[in-house]
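So that the names make sense, note that chain A is the first sequence line, chain B the second, and so on, each numbered from 1.
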Amino acid sequence: MLQTHNHVTRHTTTAHLAQTMTLLSLTSEELRQRIENELSTNPALEMLDERRCPHCSRKLNNIEHCPICSQAKSDQSDEPVVFLSSREDFNLGASSFRENDLPDDNFSYQEEDLGVYVLGQIAPDLKPEDRKIAANILSNLDEDGLLDTAVIEIARYFHVPISHIEQIQKIFQNADPIGVASGSPQEALLVQLDVLNETHALPDLARPIIEQHMDLLSRRQDSEIARQLKSGLKKVRQAIHFIGENLNPYPARTHWGYNRSNRTWRGQIFSRPDVVINYLNDDPGEQLVVEVIMPMRGTLQVSPEFRNALRQAQAEKKELWKQDLENASLLVKCIQQRNHTMLRLMQRMVVLQKEYILSGERYLQPVTRARIATELEVHESTISRAVSGKTVQMPNRKIVPLSIFFDRNLNVRTVLKEVIEAETKPYSDSDLAEILAKEGFKVARRTVAKYRAMEGILPAYLRGTTRTT
DNA sequence: CTATGGCACGGATT
DNA sequence: AATCCGTGCCATAG
């Protein structure tokens, strides 16, 4: 009995395992594509309609009651709430990057369409008397979405102050595609950077590179930039990579730059987060609410009709359908399993890193994936897959990689940064090592130097007391 | 002599 | 098995 049972489950679990593993390493956005794909090819799968919480109209999946509301009513324990959610109303900034959400490589705006498209978005924000000016700006956009007439000329033409035109230009720039109607590629990049900065953690070097070394940037002279900024080459490369992946100097073109092989950062800026951490009702006094995002509305399930149809199916089709059915139920199970691990993982992480989430990076605990793996009694690789490539939206709306929860020295680095920020005279690395030791961080002098380099902080002798932004 | 960056090694982590 | 990280040693610059 036991043997046969084992045998049977073993058979399914090998397939199970293989698929759970692949599903686990997928981003919510990737999972969505996967599900959509399956859904259109496999007739045995269907998507059950969404249900909403009657109180807060949050979308519910696989659960009876909205955990937030029920938790809010039944007097709260201090435990954070962790649950599955398919909400889509992330606070992704002024305008989420709708067009860029879908990696459609051939997408490009037709000129007329661009005008209509942009105007449609900004029309409500325009005063009626500004319509004419807006129309004029639109007509002066080149095919890349940049303004090819100087602002001052437009101002002169309409007999209004330059600042007025610039104000309207700002409205344009914040519309989608972000940065449209900028005067130069550089300006477009900066606008995009600002918008992203509201909601995401960005490389520190991105702005100085764009501001000061646009010419070098366009020629990809990374080592030269590093030299001029007196910063680590690695940092610079990272920042340039970030710019190439996430910003676009020609707003109306979808992509620029080089190798869009997306492994390292996977365009995470534009994709939605996989986990959202927030305070209940956005009130910092309340407990934490953690939502593991299911990318699609509704509940995925094996269609009961299909099950019935299978019984009366003809012999020749039966085999094929049976296969479909099996795949379908496998997928459903695997997704459930994926969600289960994600939930357990986040549950644990939120408890361990609560201080970090509440009070910032210097309170980040050094935690290893291996430790979590033993605690949750799963294999290390499971945690690795669950973590890699995923992103978390923090209560302050910044989106960070989930792997940051496992950063071994971010806390030390932030304290280091703080110390240097506050210094009155530049400390040498050995001084810093001592100070850090007093703060409870025992690190070698050499290591301080490494951290400095990581943060792009100059050595003491090049460091004035006044910090340059 | 002091401060710092490069290289490389060993142990931990993935 | 591959990669990352902290550290020590050494060369170099001031």
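- What separates CG of A:D429 from P of C:dG6 is a distance of 15 Å, to the nearest Å.
- At C:dC5, none of the side-chain N or O atoms of A:N409 fall inside 4.0 Å of OP1 or OP2 (strictly under the cut-off).
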Would you tabulate the pairs of protein nitrogen or oxygen atoms and nucleotide nitrogen or oxygen atoms of nucleotides 10-12 of chain C closer than 3.5 angstrom?
none

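- Taking atom OH of A:Y461 as the reference point, atom C1' of B:dA3 lies 8 Å away to the nearest angstrom.
- Applying the salt bridge (charged side-chain N to carboxylate O under 4.0 Å, His left out) test to residues at least two apart or on different chains, the pairs with a partner in residues 401-414 of chain A are A:D407-A:R413, A:R413-A:E455.
- Across the protein-nucleic acid pair, A:R463 atom CZ and B:dT4 atom C1' stand 12 Å apart, rounded to whole Å.
- Rounded to a whole Å, the CD1 atom of A:I383 is 11 Å from the P atom of B:dT14.
- In this structure, A:E434 atom CD and B:dT2 atom P are separated by 14 Å, rounded to whole Å.
- If you check every strand for non-hydrogen atoms under 4.0 Å, A:F406 touches nothing.
- For A:R34, the salt bridge (charged side-chain N to carboxylate O under 4.0 Å, His left out) partners at least two apart in sequence or on another chain are A:E38.
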Identify all side-chain donor-acceptor contacts of residues 343-352 of chain A below 3.5 Å with residues at least two apart in sequence or on another chain.
from, atom 1, to, atom 2, distance (Å)
A:R344, NH2, A:L376, O, 2.5
A:R348, NE, A:E375, OE1, 2.4
A:R348, NH2, A:E375, OE1, 3.1

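- Salt bridge status for A:E434 with A:K442: absent, with no side-chain N to carboxylate O gap under 4.0 Å.
- For A:E355, there are no salt bridge (charged side-chain N to carboxylate O under 4.0 Å, His left out) partners two or more places apart in sequence or in a different chain.
- The shortest distance between the side-chain N/O atoms of A:Y451 and the OP1/OP2 oxygens of C:dG6 is below 4.0 Å.
- The separation between A:L416 atom CG and C:dG6 atom C1' is 15 Å, rounded to whole Å.
- Between B:dT13 and A:T368, no contact under 4.0 Å exists linking OP1 or OP2 to a side-chain N or O.
- Between A:I457 atom CD1 and B:dG5 atom P there is a gap of 12 Å when expressed in whole angstrom units.
- Within the nucleic acid shown, A:S428 comes within 4.0 Å of sugar-phosphate atoms alone, with no base atom in reach, counting heavy atoms only.
- Toward the 5' end of DNA chain B, the nearer of the two residues A:D431 and A:V367, judged by each one's closest nucleotide, is A:D431.
- A donor-acceptor contact under 3.5 angstrom links the side chains of A:S28 and A:D274, judged on distance only.
- Of the N and O atoms on the side chains of A:Q186 and A:E211, not one donor lies less than 3.5 Å from an acceptor on the other residue.
- Look at CD on A:E380: it is 14 Å from P on B:dA12, rounded to the nearest Å.
- By the 30° and 60° cut-offs, the orientation of the rings of A:F306 relative to A:W321 is tilted.
- Considering only side-chain atoms of A:R408, the nucleotide from C:dC4, B:dT14, B:dG5 that sits closest is C:dC4.
- At a non-hydrogen distance threshold of 4.0 Å, A:R369, A:A370 from residues 369-378 of chain A come into contact with DNA chain B.
- For NZ of A:K333, the number of neighbouring non-hydrogen atoms (other residues, nucleotides, ligands) closer than 6.0 Å is 12 at most.
- Salt-bridge check for A:E380 with A:R369: failed, with every basic side-chain N at 4.0 Å or more from each acidic carboxylate O.
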